[in-house]
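Taking it in order: structure first as structure tokens, then the write-up.
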Amino acid sequence: MARRKRRYWLMKSEPDVYSIDDLARDKRGEWEGVRNYQARNFMRDEMAIGDLVLFYHSNAKPPGVAGVARVVTEAYPDHHAFDEASNYYDPKSDPEAPRWWMVDVEFVEKLPELVTLDALKAEAQPEGPLEGMLVARRGQRLSIQPVDKAHFARVLRLGGAKTRVR
DNA sequence: GCCAACGTTGGC
DNA sequence: GCCAACGTTGGC
């Protein structure tokens, strides 16, 4: 049986909408509302229970990685897409053939230090410890991104996390 | 609030 | 199947 390679992710959320503090309060949350095919495919096809997630605050001052979460479900249809009253309603998503999927995540920790986008970019320079990290690339809008294990570990270290990668 | 980057839509 | 127009993301 083929072993899964990818186990680390970065997921963006606007803290005005849903922050790491909200997840800390809720303990667990639905990652609904992803309306981008590439991001959906990552959730639906590649995420698995137990994967670790860098919780990134976008549209924040400053933007950056604010915490750690863990994937706790397989992907399942995003039912908000079927709800006409929802902001995430999409008439093209059919309950018989859902277009949009989501996972649930649980709170792991809030980082003692926000790892700002500036700090990520500084380390993503050529030869830097985060070279190639997607979130540091100009114009990178994808809201769910795979993260190299070494990069994940480095960001945890920068943030003073208790979480360790194995 | 501006606007660059880029994904999606739809006319052809 | 091309590509211009449009809408959204998200840093600044």
Side-chain angles (χ1 to χ4, degrees), chain A residues 6 8-24 26 29-47 51-69 71 75-105 107-108 110-148 151-152 154-161:
Chain A
R6 191 171 275 139
Y8 302 98
W9 305 94
L10 178 145
M11 296 170 87
K12 296 181 185 174
S13 183
E14 300 190 22
D16 289 348
V17 177
Y18 198 79
S19 71
I20 190 67
D21 292 320
D22 293 323
L23 186 62
D26 296 344
E30 298 181 336
W31 209 272
E32 80 278 10
V34 170
R35 298 290 179 268
N36 169 281
Y37 291 103
Q38 204 179 348
R40 175 206 69 184
N41 292 348
F42 282 137
M43 283 199 293
R44 188 187 60 185
D45 305 336
E46 301 200 41
M47 273 189 186
D51 286 0
L52 287 175
V53 176
L54 297 175
F55 193 115
Y56 180 89
H57 282 173
S58 61
N59 255 321
K61 289 184 278 195
V65 176
V68 183
V71 176
Y76 59 101
D78 183 344
H79 54 86
H80 300 269
F82 312 137
D83 175 6
E84 286 186 48
S86 168
N87 288 337
Y88 300 125
Y89 176 60
D90 180 354
K92 293 184 211 149
S93 188
D94 175 355
E96 297 302 310
R99 174 175 298 202
W100 304 117
W101 296 67
M102 63 184 183
V103 298
D104 290 359
V105 301
F107 178 74
V108 175
K110 179 176 179 176
L111 294 182
E113 302 280 345
L114 180 80
V115 183
T116 65
L117 180 58
D118 279 350
L120 295 171
K121 282 182 170 168
E123 296 223 335
Q125 297 297 317
E127 313 294 324
L130 297 178
E131 183 178 9
M133 192 173 183
L134 290 176
V135 73
R137 272 197 211 158
R138 193 165 67 100
Q140 179 53 262
R141 300 186 306 168
L142 191 59
S143 64
I144 298 181
Q145 305 176 359
V147 176
D148 290 349
H151 291 171
F152 197 97
R154 178 66 183 164
V155 173
L156 291 183
R157 191 176 157 72
L158 291 171

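Keep in mind that the numbers below use all heavy atoms, side chains included, and drop hydrogens, waters and symmetry copies. Order of the sequence lines fixes the chain letters, A, B, ..., with proteins taken first and strands second; residue numbering starts at 1 for each chain.
- With A:Asp22 contributing its side chain and A:Ser19 its backbone, the two residues share a donor-acceptor pair below 3.5 Å.
- With contacts defined as side-chain heavy-atom distances shorter than 4.5 Å, the pair A:Asp78/A:Arg35 qualifies.
- Test A:Phe42, A:Phe55, A:Trp100, A:Trp9 against A:Trp31 for ring-ring contact (aromatic ring centres under 6.0 Å, His included) and you get one pass: A:Phe55.
- Once you apply a 4.0 Å limit to the heavy atoms of chain A, the touched nucleotides of DNA chain C run 5' to 3' over C:dG7 to C:dC12.
- Closest of all the heavy-atom pairs between A:Leu114 and A:Val65 is CD1-O, 3.4 Å.
- Contacts of residues 13-23 of chain A with DNA chain C (heavy atom under 4.0 Å): none.
- The two residues A:Leu158 and A:Glu113 make their nearest non-hydrogen contact at O-CB, 4.2 Å.
- Of all heavy-atom pairs between A:Ile144 and A:Met47, the closest is CG2-CE, 3.8 Å.
- Toward the 5' end of DNA chain B, the nearer of the two residues A:Gly139 and A:Lys92, judged by each one's closest nucleotide, is A:Gly139.
- In terms of position on DNA chain B, the residue among A:Asn59 and A:Arg138 whose nearest nucleotide sits closer to the 5' end is A:Asn59.
- Within residues 111-130 of chain A, the residues having any heavy atom closer than 4.0 Å to DNA chain C are, in order of number, A:Leu117, A:Lys121.
- A distance-only check finds a donor-acceptor pair linking the side chain of A:Arg40 to the backbone of A:Arg99 [under 3.5 Å].
- Between A:Phe152 and A:Tyr8, the ring planes lie tilted relative to each other; the angle falls in the 30° to 60° range.
- Formation of a donor-acceptor pair under 3.5 Å by the A:His57 side chain with backbone atoms of A:Ile20 is found in this model.
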**OP:** Walk me through it: do A:Asp148 and A:Arg154 pass the test salt bridge (Lys or Arg N to Asp or Glu O under 4.0 Å)?
**Re:** CA-CA 10 Å; A:Asp148 290 349; A:Arg154 178 66 183 164; over 6 Å; no
